[in-house]
There are 2 protein chains.
Amino acid sequence: MAAQKTKVTIFDVAKASGVSSSAVSYALNGKPGVSDTTRAKVLQVARELGWKPNGAAQSLAQAKTRRIGLVLGYDPQLLAVEPYMMSLISGLGAELEEKDYSLLVRMSMDSDDEDSIIEDWVATSNVDAMLLLNLEIGDPRIELMKQNPQMPVLAVADASLTAGLPTLASDDAAAVGLAVRHLYDLGHRNIARVAGPEELGHSYIRDAAFSEVTAELGVRYRCLHTDYTPAAGADATKRLLSVNPAPTAIIYDNDVMALAAEGVAAVGGVKVPQELSIMSWDDSFMCEAAHPGITALNRDIVESGRIAASLMLKLIDGEEVDVVEEPPYELRVRESTGPAPQRD
Amino acid sequence: MAAQKTKVTIFDVAKASGVSSSAVSYALNGKPGVSDTTRAKVLQVARELGWKPNGAAQSLAQAKTRRIGLVLGYDPQLLAVEPYMMSLISGLGAELEEKDYSLLVRMSMDSDDEDSIIEDWVATSNVDAMLLLNLEIGDPRIELMKQNPQMPVLAVADASLTAGLPTLASDDAAAVGLAVRHLYDLGHRNIARVAGPEELGHSYIRDAAFSEVTAELGVRYRCLHTDYTPAAGADATKRLLSVNPAPTAIIYDNDVMALAAEGVAAVGGVKVPQELSIMSWDDSFMCEAAHPGITALNRDIVESGRIAASLMLKLIDGEEVDVVEEPPYELRVRESTGPAPQRD
DNA sequence: TTGTATGCGTTATCAT
DNA sequence: ATGATAACGCATACAA
């Protein structure tokens with residue numbers, strides 16, 4: 001109860017309980033080697049003195065930090081507008097919290113920067129494990145982590161990008177199938193996609209899957225890459241609608257772009273979904289709040305975060321982790337998609 | 001270059017350079033007490049061996065962690081849908097990165113939980129400073145931090161809530177003035193507000209300011225509290241539009257609710273802004289992407305994060321910090337607000 | 001300038 | 001069962 005101003009160490013507890021420091025350590029860590037009576041006494045004294053083990057000392061002695069590392073690329077707009085990262089962090093945090101782990105977050109200004117932060121964390125043992133996100137094709141971080149096998153690492157990405165590293169994999173290709181099939185069943189034979197930056201690994205994966213699936217079904221397909229902003233999404237929409245024949249359905253890689261597209265359609269007098277169907281890749285409150293509601297590919301990102309955290313904890317415990325699948329995408333059909341318009 | 005499998009310590013570097021460990025320490029920390037030649041030699045050897053100081057050992061010896069603590073309340077929906085937290089983290093991270101600090105994040109399941117995490121961090125010296133967000137009226141965390149003056153803390157909240165703690169304060173009252181004045185000038189004399197949860201300190205502050213400003217101007221004012229979700233926003237909107245006389249303008253405490261309101265209006269055949277003006281408190285891509293674009297109170301949250309970080313670093317350096325003002329809100333006028341409709 | 005010795009607060013080993 | 005004592009890896013006061 002009494003809040004001590006000065007640091008209270010294990011020796012203080014030992015002195016106050018009339019035993020030695022090692023007895024205290026044993027007692028407080030629930031280890032054998034100490035009688036029940038002294039254990040009880042020590043525990044009580046420790047509580048009275050408000051003793052807690054110093055984190056740095058504990059880390060040093062046990063070579064464990066109880067921290068998991070996460071490096072975020074600095075792009076406030078992207079981070080803020082996409083619910084993805086915050087959802088993932090929520091899931092990670094919830095799971096880690098139960099195991100008394102924390103998340104160590106660092107912001108990198110560019111990818112060189114990111115590499116050096118990772119190197120630093122590895123070399124200084126600043127974290128017990130690391131999470132790798134937003135992998136690019138041939139990402140140098142993979143090689144970096146392979147050279148430091150003593151540091152557990154989990155990549156969240158398509159398994160084809162992670163070169164055998166423990167991976168939490170999303171089946172983006174399956175999601176592409178869901179989306180295209182939904183539109184195909186509605187009669188659409190000319191669809192377009194407004195994607196994110198080309199460098200991102202998942203853009204590449206989706207690109208390939210879209211090309212393949214649409215080719216199989218004999219559906220016309222076109223893709224425009226953007227920087228994920230609503231302005232870019234609106235612009236791409238205008239361009240797509242001005243070609244001939246214009247696509248009857250457009251899939252956007254995020255929800256703000258889909259929302260912006262609804263605006264473009266409204267201004268241009270294009271009726272959604274009667275004349276144009278609109279879909280969003282990631283689902284969020286925005287898709288629900290929009291009018292018309294936006295059909296979207298939904299996945300439980302919070303749950304992914306939880307899974308990622310539990311996998312990292314396994315890795316820390318020395319267990320093997322190969323490739324684990326994320327919860328699958330589900331199609332949330334709302335009002336923004338409908339039967340393809342009849343043309344010519 | 002050679003990646004060492006085994007831990008390389010300062011003694012290894014000392015041995016390899018033919019000097020003592022203290023010389024190594026001095027050399028690597030750029031401190032005087034060592035000749036330039038040995039310094040150069042040590043630096044080279046350290047680089048060759050891939051040496052980096054062990055974080056735990058450094059923390060223990062210096063009683064500094066180079067970490068800042070942040071406890072987030074677990075509400076994935078709220079966290080994800082509001083760009084606020086991720087924007088703030090971006091700003092914090094960017095500033096901390098420059099000073100080689102990291103952000104230690106923990107998720108709390110309820111407020112008791114949050115208190116105990118803070119107590120733990122304070123007792124174990126797990127962070128060099130803490131950031132307090134989302135304060136409630138008479139928040140217990142304030143008392144907690146006051147009892148542990150050795151741990152620097154910064155609160156981000158209205159100064160009236162922080163009881164003298166170092167504070168980064170937002171002038172929500174001024175923002176209320178901006179918003180109400182904008183609507184007043186457009187002729188609105190009956191406005192409503194759809195707010196967030198009543199418990200939040202900022203809800204309270206805004207409530208009071210709205211009541212005051214509208215009373216002063218002789219504007220009719222009503223407020224409904226919600227849980228911030230679009231469904232609740234839509235519901236509140238319907239209720240407000242069904243009373244007589246219905247408000248001619250509604251201000252929403254976040255942007256998804258404002259977006260949902262546009263949907264309600266569209267479905268109900270209520271023209272925005274001709275028959276109803278809509279405003280959002282926080283601005284985001286969503287307000288820009290919406291159709292019509294949503295007039296919003298905009299503030300630079302990323303910059304707030306940077307300021308918060310730099311203030312905490314000052315506190316860590318032992319400087320005094322009192323109350324610092326956030327960058328002010330600005331009104332971003334878009335298409336969702338217009339002249340009040342003429343009514344009897 | 002350089003090297004030795006000690007403190008930081010735990011955990012863990014080894015006698016007793 | 002208990003109590004000295006040695007790591008853990010770095011920083012630093014002090015001695016040489």
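Order of the sequence lines fixes the chain letters, A, B, ..., with proteins taken first and strands second; residue numbering starts at 1 for each chain. Everything quoted here is computed from the prediction, not taken from an experiment.
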- Sequence neighbours left out, what passes salt bridge (charged side-chain N to carboxylate O under 4.0 Å, His left out) with B/Asp12? Give chain and number order. none
- Note on the structure: Residues of residues 9-25 of chain A with a heavy atom under 4.0 Å from any atom of DNA chain C, listed by number, are A/Thr9, A/Ile10, A/Phe11, A/Ser22, A/Ser25
- Would you please test B/Val24 and B/Val19 for side chain to side chain contact (heavy atoms under 4.5 Å, CB included) and show each step? CA-CA 7 Å; B/Val24 174; B/Val19 295; 4.0 Å; yes
- Query: Checking all strands, does A/Lys52 fall into the base, sugar-phosphate, or nothing category for heavy-atom contacts under 4.0 angstrom?
  - Reply: sugar-phosphate
- May I have all residue pairs that pass salt bridge (charged side-chain N to carboxylate O under 4.0 Å, His left out) and include part of residues 115-124 of chain B, sequence neighbours excluded? A/Lys52-B/Asp120
- Item | Protein-nucleotide distance (A/Tyr26, atom OH; C/dT11, atom C1'), rounded to Å | 8 Å
- Task: List in numerical order all residues of residues 36-44 of chain A for which some heavy atom is under 4.0 Å away from an atom belonging to DNA chain C.
- Result: none
- Task: Work out which heavy atom in B/Ser21 is nearest to a heavy atom in B/Ala14; give both atom names and the distance.
- Result: N-CB, 3.7 Å
- Can a side chain N or O of A/Trp51 be found less than 4.0 Å away from OP1 or OP2 on C/dG9? no
- Query: Between A/Leu28 (CG) and C/dG9 (P), how many Å, whole number?
  - Reply: 16 Å
- Message: Less than 4.0 angstrom between a side-chain N/O of B/Lys31 and OP1 or OP2 of D/dA11, yes or no?
- Response: no
- Query: Of the nucleotides C/dC14, C/dT11, D/dC14, which has the atom closest to the A/Ala61 side chain?
  - Reply: C/dT11
- Query: Phosphate oxygens OP1/OP2 of C/dC8: is one of them under 4.0 Å from a side-chain N or O of A/Asn54?
  - Reply: no
- Do B/Thr38 and B/Ser35 meet the criterion of a side-chain donor-acceptor pair at a distance under 3.5 Å? yes
- Message: Between P on D/dC10 and CG on A/Leu60, what's the gap in Å once rounded to a whole number?
- Response: 9 Å
- By salt bridge (charged side-chain N to carboxylate O under 4.0 Å, His left out) - contacts of B/Lys99 (at least two apart): B/Glu95
- Message: For A/Thr167 versus A/Leu165, what's the shortest heavy-atom pair and its separation?
- Response: OG1-O, 2.6 Å
- Task: Check whether any side-chain nitrogen or oxygen of A/Gln58 sits under 4.0 Å from OP1 or OP2 of C/dT11, and answer yes or no.
- Result: yes
- Message: Pair A/Lys146, A/Val153 - check side chain to side chain contact (heavy atoms under 4.5 Å, CB included), show working.
- Response: CA-CA 9 Å; A/Lys146 287 200 156 184; A/Val153 62; over 6 Å; no
- Bend angle of the helix from C/dT1-D/dA16 to C/dT16-D/dA1, from helix axes over five pairs at each end, nearest 10°: 50°
- Message: Without decimals, in angstroms, what is the distance between A/Leu49 CG and C/dG9 P?
- Response: 14 Å
- Query: With no hydrogens and no angle check, do the side chains of B/Ser102 and A/Arg106 hold a donor and an acceptor under 3.5 Å apart?
  - Reply: yes
- Message: If only side-chain N and O atoms count, and only distance matters, is there a donor-acceptor pair under 3.5 Å linking A/Ser22 with A/Ser25?
- Response: no
- Hey, which sits more toward the 5' end of DNA chain C by its nearest nucleotide, B/Val34 or B/Gln62? B/Val34
